[in-house]
Amino acid sequence: MASLLHLLLLLSLSLLVLSSAAPSPSPSPTPADEGAYIGVNIGTDLSDMPHPTQVVALLKAQQIRHIRLYDADPGMLIALANTKIKVIISVPNDQLLGIGQSNSTAANWVKRNVIAHSPATTITAISVGSEVLTSLSNAAPVLVSAIKNVHAALLSANLDRLIKVSTPLSTSLILDPFPPSQAFFNRSLNPVIVPLLSFLQSTNSYLMMNVYPYYDYMQSNGVIPLDYALFKPIPPNKEAVDANTLVRYSNAFDAMVDATYFAMAFLNFTNVPVLVTESGWPSKGETNEPDATLDNANTYNSNLIRHVLNKTGTPKRPGIAVSTYIYELYNEDTKPGSLSEKNWGLFNANGEPAYILRLTNSGSVLANDTTNQTYCTAREGADPKMLQAALDWACGPGKIDCSPIKQGEACYEPDNVIAHANYAFDTYYHQTGNNPDACDFNGVASITTTDPSHGTCVFAGSLGNGRNGTSVNITAPSANSTTSSGIQNDLYYSRGMWSIFALIVLNVANVL
């Protein structure tokens with residue numbers, strides 16, 4: 001009887017070992033939905049476009065929580081799953097006619113690009129086309145129909161309250177933009193703009209606007225001062241004054257946003273908010289673009305980020321958020337057009353910043369100095385059995401993709417528990433947004449600034465410096481893949497659990 005009790009005690013203790021061998025995950029902080037936020041556009045006209053998981057690693061490292069895609073690329077949407085990054089997806093202009101002319105085409109588009117990825121991927125809005133009224137005039141008659149067809153498909157899927165539908169307009173549609181109080185939309189487009197605003201108002205959506213003080217400055221022939229376009233401090237006597245309202249403007253961005261509000265009010269729409277879907281400044285240009293410089297791009301985007309996050313709003317609507325998406329994440333070297341068209345990015349394709357934003361004391365979003373990246377690796381001298389248990393947890397309940405440390409993959413060598421734990425710990429750490437609490441693993445892990453990448457094995461903290469996916473450390477399945485990385489992880493996890501179970505059996509055998 002004593003032996004039986006001893007056996008039961010051993011089994012109970014062993015089960016406790018199984019349940020406690022893995023560290024309890026610390027939940028990653030979920031930021032509240034900010035009243036005003038900064039997002040980033042992601043274009044893909046690059047000769048060396050990073051793999052979707054490399055893009056997501058960069059977004060996480062930069063704490064970018066809002067992005068806009070110019071399509072609905074399935075690889076990106078899969079890579080964004082369970083990251084809590086909020087995504088605007090787009091109906092490309094070349095698909096607009098079909099969606100505008102057919103409810104079923106719109107329903108299929110929503111099924112394929114929204115329902116297939118939601119709710120794992122947080123899609124918050126759909127941009128139907130982009131600057132259609134100025135770049136694709138033949139599609140103008142079906143623009144509102146396309147928007148309504150997409151919204152109807154969301155309504156059928158019970159997603160209409162979670163996902164807004166709108167379309168970005170160019171500020172060039174606003175005539176007589178200064179003073180803002182006199183602004184109005186091009187009247188020839190009212191047959192499209194009025195039903196558009198009516199739809200946005202009825203669905204509590206926002207008017208998407210692309211706001212580029214750079215272009216207004218370039219086209220003003222010296223009327224708009226450079227400092228006014230760049231958000232630089234200017235003396236009161238240099239501020240622009242709206243003679244009708246006596247409101248003073250210290251920067252072009254606010255004046256352009258307020259011109260949008262006034263243009264809507266001219267058509268009797270006063271409660272449709274503005275979302276700035278594009279704004280930025282090029283860092284390089286042709287000889288006839290002398291102000292497209294690294295310093296000016298840095299100044300504009302740094303000041304824009306501060307201005308938006310200060311939640312000051314605009315002079316017409318003080319305190320009302322004007323959330324803004326910076327154009328853009330990467331320099332697009334294959335984009336057609338002038339040199340400046342290729343150089344709006346905050347980063348180069350290899351993940352290195354085009355310039356270091358001046359954001360001291362302005363929060364952590366887009367603090368893009370990548371010289372002090374952190375990693376999570378095995379603590380020196382850690383017990384190998386504890387490392388193995390923590391590794392098994394990360395690849396199992398931790399739900400990271402451990403396939404790169406399987407035999408034959410990029411991070412398999414060296415085949416030892418320390419190297420494999422380094423990979424698993426760092427992946428989990430970055431998957432939780434570099435949360436320091438996520439780099440502990442019951443005391444066997446620690447944060448370091450030394451990049452543990454080696455050979456073709458590039459760690460998440462390296463910001464995707466591996467090129468063309470040859471060093472991708474987290475593999476996103478293709479849209480048609482039926483293979484679950486979770487199965488691979490469970491097999492890896494089970495291997496470690498069986499090793500612990502073997503110890504239980506040995507203990508039991510000794511008792512018997």
Side-chain angles (χ1 to χ4, degrees), residues 38-46 50 55 58-59 61-64 66-68 70 170-171 209-220 222 224-234 250-257 276-310 322-360 362-371 463:
I38 284 289
V40 180
N41 290 277
I42 303 178
T44 56
D45 285 332
L46 286 77
V55 178
L58 177 57
L59 296 175
Q62 295 299 312
Q63 299 193 39
I64 298 169
H66 300 263
I67 64 168
R68 175 178 169 231
Y70 288 93
S170 166
T171 53
M209 294 297 297
N210 294 342
V211 178
Y212 285 104
Y214 173 75
Y215 288 128
D216 279 31
Y217 163 75
M218 287 291 292
Q219 295 161 12
S220 74
I224 296 178
L226 180 60
D227 287 355
Y228 179 75
L230 291 172
F231 290 96
K232 282 189 173 181
I234 56 176
S250 60
N251 64 79
F253 179 88
D254 281 352
M256 295 167 79
V257 172
V276 176
T277 37
E278 291 181 16
S279 192
W281 197 282
S283 60
K284 190 183 296 185
E286 308 286 1
T287 54
N288 63 340
E289 297 177 291
D291 295 300
T293 66
L294 283 170
D295 187 61
N296 285 343
N298 192 343
T299 298
Y300 180 83
N301 284 323
S302 296
N303 287 339
L304 172 65
I305 292 168
R306 272 194 294 268
H307 184 68
V308 170
L309 296 184
N310 282 344
V322 186
S323 297
T324 300
Y325 289 76
I326 292 177
Y327 185 81
E328 58 185 332
L329 187 65
Y330 295 113
N331 282 326
E332 295 184 271
D333 62 315
T334 61
K335 193 175 180 103
S338 66
L339 183 62
S340 65
E341 286 296 319
K342 308 173 193 296
N343 288 279
W344 291 78
L346 298 170
F347 294 88
N348 297 312
N350 62 2
E352 294 175 357
Y355 45 86
I356 306 301
L357 290 164
R358 306 182 187 113
L359 293 175
T360 305
S362 296
S364 56
V365 176
L366 270 173
N368 68 335
D369 186 348
T370 59
T371 58
L463 301 179

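Numbering starts at 1 and runs along the sequence shown.
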Near Lys335 NZ, under 6.0 Å, is it more than 12 heavy atoms from other residues, nucleotides or ligands?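 Enclosed: over 12 neighbouring heavy atoms sit under 6.0 Å from NZ of Lys335.
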For Arg68, is there an ion pair with Glu278 - N to carboxylate O distance below 4.0 angstrom? yes
Heavy-atom distance under 4.5 Å between the side chains of [X] and [Y], does that happen here?
X	Y	result
Leu58	Ile64	no
Ile305	Thr324	no
Lys232	Thr299	yes
Met209	Thr277	no
Val257	Val276	yes
His307	Asp254	yes
Asn303	Asn251	no
Leu230	Asn296	yes

Without swapping roles, check the side chain of [X] against the backbone of [Y] for a donor-acceptor pair under 3.5 Å.
X	Y	result
Asn350	Glu352	yes
Asn310	Arg306	yes
Thr334	Asp45	yes
Glu341	Pro336	no
Asn343	Gly285	no
Ser279	Val211	yes

Kindly write out the residues that satisfy ring pair (Phe, Tyr, Trp, His ring centres under 6.0 Å) with Tyr212, not counting sequence neighbours, or none if the list is empty. Tyr215, Trp344
Evaluate Tyr228 against Ile234 for side chain to side chain contact (heavy atoms under 4.5 Å, CB included), listing each step before the verdict. CA-CA 7 Å; Tyr228 179 75; Ile234 56 176; 3.9 Å; yes
Please check if any side-chain donor atom of [X] sits under 3.5 Å from a side-chain acceptor atom of [Y], or the reverse.
X	Y	result
Ser338	Glu286	no
Asn210	Ser170	no
Tyr217	Asp291	yes

Give me the one residue out of Asn301, Asp295, Asn298 that meets side chain to side chain donor-acceptor pair (under 3.5 Å) with Tyr355. Asn301
Closest heavy-atom contact between [X] and [Y]?
X	Y	answer
Asn348	Pro353	ND2-O, 4.2 Å
Ala229	Ala252	CA-CB, 4.2 Å
Glu289	Ser340	OE2-OG, 2.8 Å
Asn288	Met218	O-CE, 3.6 Å
Leu304	Phe253	CD1-CE1, 3.9 Å
Leu294	Ala354	CD2-O, 3.5 Å

Apply side chain to side chain contact (heavy atoms under 4.5 Å, CB included) to the pair Val55 and Ile42, showing each step before the final yes or no. CA-CA 9 Å; Val55 178; Ile42 303 178; 4.0 Å; yes
Asp216: partners by side chain to side chain contact (heavy atoms under 4.5 Å, CB included), with sequence neighbours left out: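 Residues passing side chain to side chain contact (heavy atoms under 4.5 Å, CB included) with Asp216: Ile224, Met256.
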Parallel, tilted or perpendicular, as decided by the 30° and 60° cut-offs, for the rings of Trp281 and Tyr214: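 The rings of Tyr214 and Trp281 stand perpendicular, inter-plane angle above 60°.
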After noting the C-alpha distance and the side-chain angles of Thr44 and Tyr70, does the key distance pass the side chain to side chain contact (heavy atoms under 4.5 Å, CB included) rule? CA-CA 8 Å; Thr44 56; Tyr70 288 93; over 6 Å; no
If you apply the rule side chain to side chain contact (heavy atoms under 4.5 Å, CB included), what do you find for Val308 with Val322, and how did you get there? CA-CA 7 Å; Val308 170; Val322 186; 5.7 Å; no
State the CG-NZ distance between Leu46 and Lys342, to the nearest 0.5 angstrom. 11.0 Å
